[in-house]
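Working notes, structure below.
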Amino acid sequence: LIQVCECAAKQTPRQTQGEALDGTVNPTGACSKPASMATVSQFACQRRTTTENSNKKITDAFEVLAENYEFNEMDGSCLAFRRAASVLKSLPMAVRSLRETQDLPCLGEHTKAVMEEVLRCGRSFEVEKLLSDERYQTFKLFTSVFGVGPKTADKWYRGGLRSFSEVLADRSIHLNQMQQIGFLHYGDISGVVSKAEARSLRNIIDEAARATTPAAKVALTGGFCREKEFGHDVDFIVTTPELGGEETLLPKIIDELKKQGMLLYCDYHPSTFDINKLPSPKFEAMDHYAKCFLILRLEGSRVEGGLHIAEGDNRGWRAVRVDLVSPPVDRYAFALLGWSGSRQFERDLRRFARAKRGMLLDNHALYDKNKNEFLAASTEKDIFAHLGLEYIEPWQRNA
Ligand code: DCT
Ligand code: MG
């Protein structure tokens with residue numbers, strides 16, 4: 001059944017080729033393709049993508065569909081919509097007609113159909129249907145809890161559960177520690193972290209690291225190093241100038257945070273990194289460095305401009321998710337590049353390395369399969385240079 005777009009009929013006769021629905025006029029009057037759309041790479045690591053998104057309506061629609069495919073474990077379709085969204089995010093201007101996008105990579109029939117609907121009607125019926133779909137809504141709700149992924153959400157959903165109160169009342173469900181803490185701090189950690197809060201946490205982690213290891217190096221990574229205004233957590237890479245010093249670094253930082261009364265939750269994973277096992281024959285999403293997933297108590301008095309919390313919340317503190325990763329210093333650049341994101345940017349860096357250069361890139365190393373050798377790097381720029389890529393600044397990696 002083809003759903004007819006209601007607003008197509010409402011299009012006024014004045015709206016001709018070259019004029020968009022919002023009334024902006026293409027100065028050439030023709031449906032010409034902006035020059036910058038003609039040469040877009042299929043690889044996100046060859047595009048510059050800032051946090052300014054001129055095509056947010058379309059990319060939001062794509063992301064709902066991608067997320068639903070993820071819930072249904074349809075990886076191919078999920079990736080197709082994520083790739084298409086990523087291409088549109090890199091464009092410096094809003095797409096006004098489907099014709100403008102004819103030379104863009106990563107746009108298939110389905111993505112184009114959704115895009116056309118959004119361009120014509122301002123919304124996609126497929127997306128709207130999904131947003132009011134019980135299964136989608138329930139998965140969205142359940143996966144918003146720290147420690148609950150699509151598999152658990154699916155189990156709960158198939159068990160007939162639809163709300164938190166039903167989950168919490170069900171005696172057959174045993175929440176693990178992560179999920180218990182997820183429910184306990186749900187209000188705080190399902191919300192977003194602000195840039196000011198991230199900055200304050202940077203100082204806190206910096207002080208905690210240097211209190212115990214004066215030469216420790218702390219770098220803000222993840223979404224906040226890409227200049228995002230908000231994130232779901234704050235990510236840091238921490239290391240020491242001398243090799244091996246990083247082994248005790250995380251436990252010391254964790255102790256220090258505990259001493260300060262900030263540690264609400266800590267899931268620490270010691271390093272399983274073994275240099276002799278490189279290069280990894282298969283791509284692994286997670287690296288082997290020591291890391292910890294934390295929930296910290298952040299005092300409002302430490303945040304410039306105050307906490308990002310609901311009006312009327314007078315606790316004076318909030319819980320925030322913080323990830324710390326601790327690579328050996330000679331792996332620092334690879335870890336930093338791997339954690340800087342975005343996910344799509346990282347995915348395409350690895351895909352580009354393999355497909356175009358015959359190299360294997362992960363968060364540990366870069367291996368040249370043609371020469372059978374590892375390529376050393378002490379900065380992110382070194383890695384881009386080895387790959388023969390123009391350097392892309394972190395704030396341009398919001399693919
Ligand atoms: N990462 C990745 N592949 C994954 C997960 C993460 O390459 N499957 C990398 C890219 C981003 C970085 O790790 C940190 O992950 P998140 O915190 O999940 O992402 P983010 O970009 O920081 O987003 P947010 O602002 O929501 O935290
Ligand atoms: Mg993050």
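First listed ligand is number 1; within each ligand, the first listed atom is number 1. All values reported here derive from a predicted model rather than from experimental measurement. Residue numbers start at 1 and run along the sequence shown.
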Given F183 and F164, is the ring pair (Phe, Tyr, Trp, His ring centres under 6.0 Å) satisfied, shown in steps? CA-CA 9 Å; F183 276 111; F164 288 163; 5.2 Å; yes
Could you walk me through whether R302 and E197 pass the salt bridge (Lys or Arg N to Asp or Glu O under 4.0 Å) check? CA-CA 8 Å; R302 298 208 57 161; E197 289 169 335; over 6 Å; no
Walk me through it: do R331 and T239 pass the test side chain to side chain donor-acceptor pair (under 3.5 Å)? CA-CA 10 Å; R331 305 284 119 204; T239 192; over 6 Å; no
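With a 4.0 Å cut-off on non-hydrogen atoms, D233 touches ligand 1 through its backbone as well as its side chain. Contact annotation: for R350 versus ligand 1, heavy atoms closer than 4.0 Å belong to the side chain alone.
For the pair R226 and W395, the cation does not sit on the ring face, since its NZ or CZ is not both under 6.0 Å from the ring centre and inside 45° of the axis. Geometric assessment of R135 against the ring of F139 yields a positive cation-pi assignment under the 6.0 Å and 45° thresholds. Cation-pi geometry between K356 and F43 is not satisfied (NZ or CZ under 6.0 Å from the ring centre, within 45° of the ring normal).
A side-chain donor-acceptor contact under 3.5 Å links H386 to the backbone of A376.
Of the candidates R347, R226, H232, E229, the one placing a heavy atom closest to atom 26 (O) of ligand 1 is H232.
In summary, an N, O or S atom of D235 is located under 2.8 Å from the Mg ion (ligand 2).
Every atom of ligand 1 is numbered from 1 in the order shown, and the set under 4.0 Å from a heavy atom of G338 is 7 (O), 9 (C), 10 (C). Each of the following atoms of ligand 1 lies closer than 4.0 Å to a heavy atom of K228: 23 (O), 24 (P), 25 (O), 26 (O). Close approach of ligand 1 to E346 (heavy-atom distance below 4.0 Å) involves ligand atoms 7 (O). Residue G222 approaches ligand 1 through these ligand atoms, each under 4.0 Å from one of its heavy atoms: 22 (O).
Looking at D233 and the Mg ion (ligand 2) together, the shortest N, O or S contact belongs to OD1.
Where the criterion is an N or O separation shorter than 3.5 Å, residue side chain and backbone included, G223 meets it with respect to ligand 1.
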